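Down below is the structure, laid out as structure tokens.
Lettering of chains follows the sequences in order, A, B, ..., and the numbering in each one begins at 1. Computed from a predicted model, the values in this text were never measured in an experiment.
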There are 2 protein chains.
Amino acid sequence: MVKNSDGKIWIGDCPIRQVLDRFGDKWSILVIELLSHEGKLRFSEIAQTIGDISQKMLTVTLRSLESDGLIIRQFFPEIPPRVEYELSDLGRSLVPHIQQLTSWGQEHMEAIKENRRRFEEKQSKG
Amino acid sequence: MVKNSDGKIWIGDCPIRQVLDRFGDKWSILVIELLSHEGKLRFSEIAQTIGDISQKMLTVTLRSLESDGLIIRQFFPEIPPRVEYELSDLGRSLVPHIQQLTSWGQEHMEAIKENRRRFEEKQSKG
DNA sequence: CAGTATCCGCGGAGATACTG
DNA sequence: CAGTATCTCCGCGGATACTG
């Protein structure tokens with residue numbers, strides 16, 4: 001939590017926001033998780049495993065992960081071309097923390113859904 | 001990582017996606033972090049500390065966190081009214097994992113920015 | 001003070017067509 | 001195969017005005 005002298009949170013430098021800005025998108029974390037499980041994968045393999053990601057978004061996601069040094073892209077100039085993606089050391093260093101969050105989700109997400117259900121029920125009753 | 005029999009990730013039940021869907025929004029994590037540091041806060045105190053959140057989004061964020069049982073809302077029917085928010089046990093249980101991610105960010109975000117800078121430079125050169 | 005109600009703009013994301 | 005290039009849509013989130 002980073003505060004200014006006026007007591008306000010300084011959003012720009014706030015580490016939480018930086019992490020969320022980087023990984024809060026729809027696909028980055030999922031791709032990292034996938035590569036952490038499967039090792040080295042081709043573009044089409046990632047697309048097929050995720051299933052409901054568009055070609056465009058997979059390209060955008062992989063390019064941004066590559067640009068940030070979280071994954072490594074290896075291009076083989078064959079015909080037809082082959083491209084393989086794998087996690088970098090930097091990317092791998094994030095995986096345990098993702099798994100922490102994931103296991104928290106597995107443990108508590110049902111309770112959250114139940115809470116939400118009850119809350120909505122209470123609202124509708126007045 | 002949850003897969004179907006066809007080898008595809010089952011997005012709907014995937015714990016990672018559930019967590020991201022819940023906490024990937026702009027303000028939830030930030031509010032939880034804030035409450036974990038400050039304990040009990042009034043609506044206006046949260047608004048002023050964050051600084052650049054709109055009244056609407058703070059209302060929406062607090063209401064959704066309350067509905068999911070992550071925070072507790074206490075209303076005092078005074079004039080003018082007073083409302084205090086604090087973390088629930090469920091909300092508190094998430095805090096350590098957020099801090100894990102945050103410290104990872106503090107450790108590696110500069111490297112990521114540097115990687116991105118170099119990547120863009122390389123692209124512009126050809 | 002702590003919200004609602006309403007309108008609106010922007011950008012993330014999908015669909016489709018095309019290419020080295 | 002692994003992408004680009006466009007067009008488009010949707011909904012998150014901001015701005016503003018109002019209220020118990």
Practice task
Kindly say if R42(A) contacts the phosphate of dC1(D), meaning a side-chain N or O under 4.0 Å from OP1 or OP2.
Solution key: no
Practice task
Find the partner of dG20(C): check Watson-Crick (N1-N3 plus N6-O4 or O6-N4) and G-U wobble (N1-O2, O6-N3) distances, both under 3.5 Å, and reply none if neither fits.
Solution key: dC1(D)
Exercise for the section: Mind calculating the distance between CZ (F76(A)) and P (dG20(C)) to the nearest angstrom? Expected result: 23 Å
Exercise for the section: Give the nucleotide from the list dA2(C), dT4(C), dT4(D) with an atom nearest to the side chain of T59(B). Expected result: dT4(C)
Practice task
Find the distance L58(A):CG to dG3(D):P and express it as a whole number of Å.
Solution key: 8 Å
Handout entry: Rounded distance (Å) that lies between atom C1' of dA2(D) and atom CZ of R82(A)
Key = 13 Å
Exercise for the section: Nearest whole angstrom, please: distance from the C1' of dC9(D) to the CE of M57(A). Expected result: 14 Å
Fill in the blank from the handout: In whole angstroms, the gap separating C1' of dG3(D) from CD1 of I46(A) amounts to 13 Å
Handout entry: Heavy-atom donor-acceptor pair, K56(A) side-chain to dA5(D) base, under 3.5 Å
Key = no
Completion exercise
Q48(B) atom CD is separated from dA2(C) atom P, nearest whole Å, by 9 Å
Problem - Approximate separation, where rounding is to 0.5 Å, of L70(A) CG and H108(B) NE2 - result: 10.0 Å
Fill in the blank from the handout: Rounded to the nearest 0.5 angstrom, the CD-CZ distance for Q55(B) and F43(B) is 5.0 Å
Completion exercise
Comparing P81(A) with Q55(A), nearest DNA chain C nucleotide closer to 5' gives the residue Q55(A)
Handout entry: Under 4.0 angstrom between Y85(A) side-chain N/O and dC1(D) OP1 or OP2
Key = no
Practice task
Figure out the CZ/P separation between R73(A) and dA2(D), and round it to whole Å.
Solution key: 10 Å
Exercise for the section: Rounded off to whole Å, could you give me the CZ-to-C1' distance for the F75(B) and dA2(C) pair? Expected result: 9 Å
Practice task
Report yes if at least one side-chain N or O of S54(B) is closer than 4.0 Å to OP1 or OP2 of dG13(D); otherwise report no.
Solution key: no
Exercise for the section: Could you tell me whether R63(A) and E66(A) make a salt bridge, using a distance below 4.0 angstrom between a side-chain N and a carboxylate O? Expected result: yes
Problem - Electrostatic pair E84(A):R82(A) at N-O distance under 4.0 angstrom - result: yes
Exercise for the section: Identify the heavy atoms of L101(A) and V19(B) that sit nearest to each other, and give their distance. Expected result: O-CG2, 3.7 Å
